[in-house]
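Notes to accompany the following structure.
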Amino acid sequence: MNVNKKKKNRSNTPFLGVRSVSFSYDYDEKFTGRALDSVSFFVNKSERVAILGHNGSGKSTLVKILGGLLEPDEGECLIDGVNMRSMEFRDLRDKIGMVFQDPENQIVAAMVEDDVAFAPENQGLPSKEIQARVDNAIQKVNMAYKQASSVEALSGGEKQRVALAGALAAKVECLILDEATAMLDPKGRLDIEKALRELHKDGMTIIQVTHQIEAENFDDIERIIVLSRGKIIWEGSVNDFWERAEVLGFELPDEFKIKKFFDKKGIDLTQPLAVAWPALSERNTPPPSSKLKLKFKIENLSFRYDEKNYALKNLDAEIFSGRWLSIIGRTGSGKSTLVQHLNALYKIQDGNIFFDGQELPQKGREVYELRQKVGLVFQHPEDQLFSPTVKEELAFAPKNAGFKNSELNDAVLYGLECVGLDKKFLERNPLALSGGERRLVAIASVLAARPECVVLDEPLAGLDASYQKKILSMLGKLRDNGKTIITITHDLNTALNYSDEILILRGGEKIKEGVPGDVIEELMNILEPEAWPDVLRMSNEIRKINKNFPLLYNYGDFIKCFSQI
């Protein structure tokens, strides 16, 4: 973390100006008011700016206006002093490239190389120039190994890299990213951050909307703008933001919290410390195996999207009833493919899956009954929200399961209660909600039918800290009440601190399965230290000087070690 950054030589000519911009979604105004309310700011050429705010603050609406996808109700946006309304859309696209959280919204071609070539082809460039741009962009996002692949065979994180490569190939002056790394694994985020720093160094203007408040990712950002309820409530430098982050409602990264604690205690970790480390009980120690009931048993499971590439290969795993399993691994490691086998969305090609001791059904009425017991929440909640109101959305699954009258109404209220949403949401349109609210409704729509097992693919991606805590607390309560919870996550802090077991995948194969304490060293072996959670990285640094220091990943446990000082 470099807090004393050298001042870059930047032009003071504003590239983008936002003047008194307001916007309302007609349907939703009576519920939430304006999505944006008299927002004004500017971005200089070659500047890198982060836009922060909790879910529902108006960030995504602002991004769509900046990219010309929405027109403001009031106010204006200027690009190089020209009102955006008067610009041809093609001219605007030569200036601004956009990358959204959901890559499905912007991928247009069937093959990776063709999709990345789409923008430069539309710019009318010569074939050699197009190919050079495609090769360079794909290399920058580390997707050369999939350059000739079908987009359909990619994971969500790989599709996100393709979407970013498409924007880079256009060689725009300004890149706008709306939670563009939310679906990427820690190594993938590091790769993208490296590419963004190089682009920024070369003079590109970058505007980045993010919930991932990490010290290293913010090191290259020159200014932060904070939105709340459609208004700008704070603007300033990164150093000033860290001083005010908690007052503004953001949680500091563990690295900062630990540094503040050490400064207060006067602890110098460069010197060996004569401290008796307290005995720390093993977190998430499993009950005796005799007391655990097997929910899923996976044997020798293999799956291919094409004749050459295995998405899963000879995979064995055990998932226990009433436990929380986190599945982690690099983008493209087979995580989503695996969980979509668990309720028979993908049919078994090779191997076996047993559910409650019986072979997992693959067709007929039995599959329908399986999906009532195993509920699946996808990466992007828009993929499964289709009803005009939240009430109808939540009633869909239980109605198909045979619930009627008061039983059906109770199921809807149960789903709503599980995710902590008020009854006033029942009459709202799901697609008019904020990203965090849509995620909660998608989860509630699955829980309403009271499944035995809940499978969630990246449930926290793109959510602010308050929504993340709400979902994690809810999942913990469901687990404590006997539900089996299975989550795919790239958030190692979540996997280590909330789940009972962790399954690590790489290249479609199982690397390790066990409680967090048993898999931690394997994680350290396969991930660069920069991708480790803050507490794990710092405890490992301390072990180099104080060899008896325990290897930790929980902030509370870490602080306990210094409570006697």
Side-chain angles (χ1 to χ4, degrees), residues 142-143 145-146 155 157-158 161 181 183-194 212 214-217 253-255 258 269 277 280 282-286 298 301 310-319 324-339 458 486-555 557-558 561:
N142 282 344
M143 280 293 289
Y145 69 105
K146 289 289 181 76
S155 70
E158 288 171 332
R161 294 189 191 207
T181 61
M183 296 296 177
L184 299 180
D185 58 73
K187 176 61 166 60
R189 290 202 299 270
L190 287 172
D191 290 342
I192 297 304
E193 175 58 28
K194 180 181 178 181
Q212 292 165 333
E214 299 167 345
E216 291 301 318
N217 287 353
D254 286 341
E255 177 183 349
I258 290 170
L269 292 180
W277 313 119
L280 298 171
E282 173 60 43
R283 299 178 64 84
N284 301 318
T285 301
I298 302 167
L301 184 66
Y310 278 93
L312 298 172
K313 189 174 183 181
N314 302 326
L315 180 68
D316 294 317
E318 294 182 335
I319 303 172
W324 183 338
L325 172 74
S326 284
I327 304 174
I328 62 178
R330 290 293 314 273
T331 298
S333 61
K335 304 182 298 297
S336 296
T337 303
L338 172 59
V339 299
E458 294 291 354
I486 302 170
T487 54
I488 290 175
T489 182
H490 288 309
D491 187 330
L492 296 182
N493 272 319
T494 296
L496 291 168
N497 289 298
Y498 286 88
S499 53
D500 301 307
E501 281 94 25
I502 292 176
L503 171 63
I504 305 174
L505 299 183
R506 181 170 60 190
E509 299 183 72
K510 181 176 79 172
I511 300 300
K512 187 84 172 179
E513 183 180 15
V515 297
D518 289 344
V519 305
I520 191 67
E521 291 193 13
E522 190 66 44
L523 279 175
M524 295 171 70
N525 289 334
I526 64 177
L527 292 174
E528 293 85 347
E530 295 86 354
W532 298 351
D534 290 345
V535 172
L536 179 59
R537 187 171 63 252
M538 296 188 77
S539 65
N540 187 65
E541 288 300 312
I542 294 172
R543 280 163 67 96
K544 294 177 182 178
I545 301 169
N546 302 278
K547 63 180 181 179
N548 295 322
F549 191 82
L551 195 60
L552 301 172
Y553 47 83
N554 177 268
Y555 173 76
D557 287 348
F558 186 93
C561 290

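This structure is a prediction, so every number in the text was calculated from the model and none was measured.
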Would you find a donor on one side and an acceptor on the other, under 3.5 Å apart, between the side chain of [X] and the backbone of [Y]?
X	Y	answer
Arg537	Trp532	yes
Glu513	Glu318	yes
Lys335	Arg330	yes
Asn554	Asp557	yes
Ser539	Leu552	yes

Hey, mind stepping through Arg189 and His490 against side-chain contact (heavy atoms from CB on, under 4.5 Å) and telling me if it holds? CA-CA 10 Å; Arg189 290 202 299 270; His490 288 309; 4.3 Å; yes
Could you pull out the closest heavy-atom pair between [X] and [Y], with the gap in Å?
X	Y	result
Thr331	Glu158	CG2-N, 3.0 Å
Leu527	Ala531	CB-CB, 4.4 Å
Arg543	Pro550	NH1-C, 3.8 Å
Lys510	Leu505	CA-CD2, 4.0 Å
Leu312	Gly334	CD2-O, 3.5 Å

Hey, what do you get for [atom1] ([X]) to [atom2] ([Y]), rounding to the nearest 0.5 Å?
X	Y	atom1	atom2	answer
Ile327	Ile488	CD1	CD1	5.5 Å
Arg506	Ile526	CZ	CD1	5.5 Å
Ile258	Met538	CD1	CE	4.5 Å
Thr494	Ile328	OG1	CD1	11.0 Å

With sequence neighbours excluded, what pairs up with [X] under the salt bridge (charged side-chain N to carboxylate O under 4.0 Å, His left out) test?
X	value
Lys512	none
Glu509	none
Asp254	Lys257
Glu458	none

Between Trp324 and Tyr498, what is the ring plane arrangement, given parallel below 30°, perpendicular above 60°, and tilted in between?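 Geometry flag for Tyr498 against Trp324: tilted rings.
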Would Met143 and Tyr145 satisfy side-chain contact (heavy atoms from CB on, under 4.5 Å), going step by step from the backbone distance to the final call? CA-CA 5 Å; Met143 280 293 289; Tyr145 69 105; 4.0 Å; yes
Partner set under side-chain contact (heavy atoms from CB on, under 4.5 Å) for Glu521, not counting sequence neighbours: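 Only Leu551 meet the side-chain contact (heavy atoms from CB on, under 4.5 Å) criterion with Glu521.
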Among residues at least two apart in sequence or on other chains, which ones pass side-chain contact (heavy atoms from CB on, under 4.5 Å) with Glu541? Lys544
Sort out for me which residue in Leu523, Leu492, Asn497 forms a side chain to side chain contact (heavy atoms under 4.5 Å, CB included) with Tyr553. Asn497
Please determine which of Asn314, Thr337, Leu338 meets the side chain to side chain contact (heavy atoms under 4.5 Å, CB included) test together with Leu301. Leu338
Step-by-step side-chain contact (heavy atoms from CB on, under 4.5 Å) determination, Glu193 to Thr181: CA-CA 9 Å; Glu193 175 58 28; Thr181 61; over 6 Å; no
Worked verdict on Asp534 versus Phe558 for side-chain contact (heavy atoms from CB on, under 4.5 Å): CA-CA 11 Å; Asp534 290 345; Phe558 186 93; over 6 Å; no
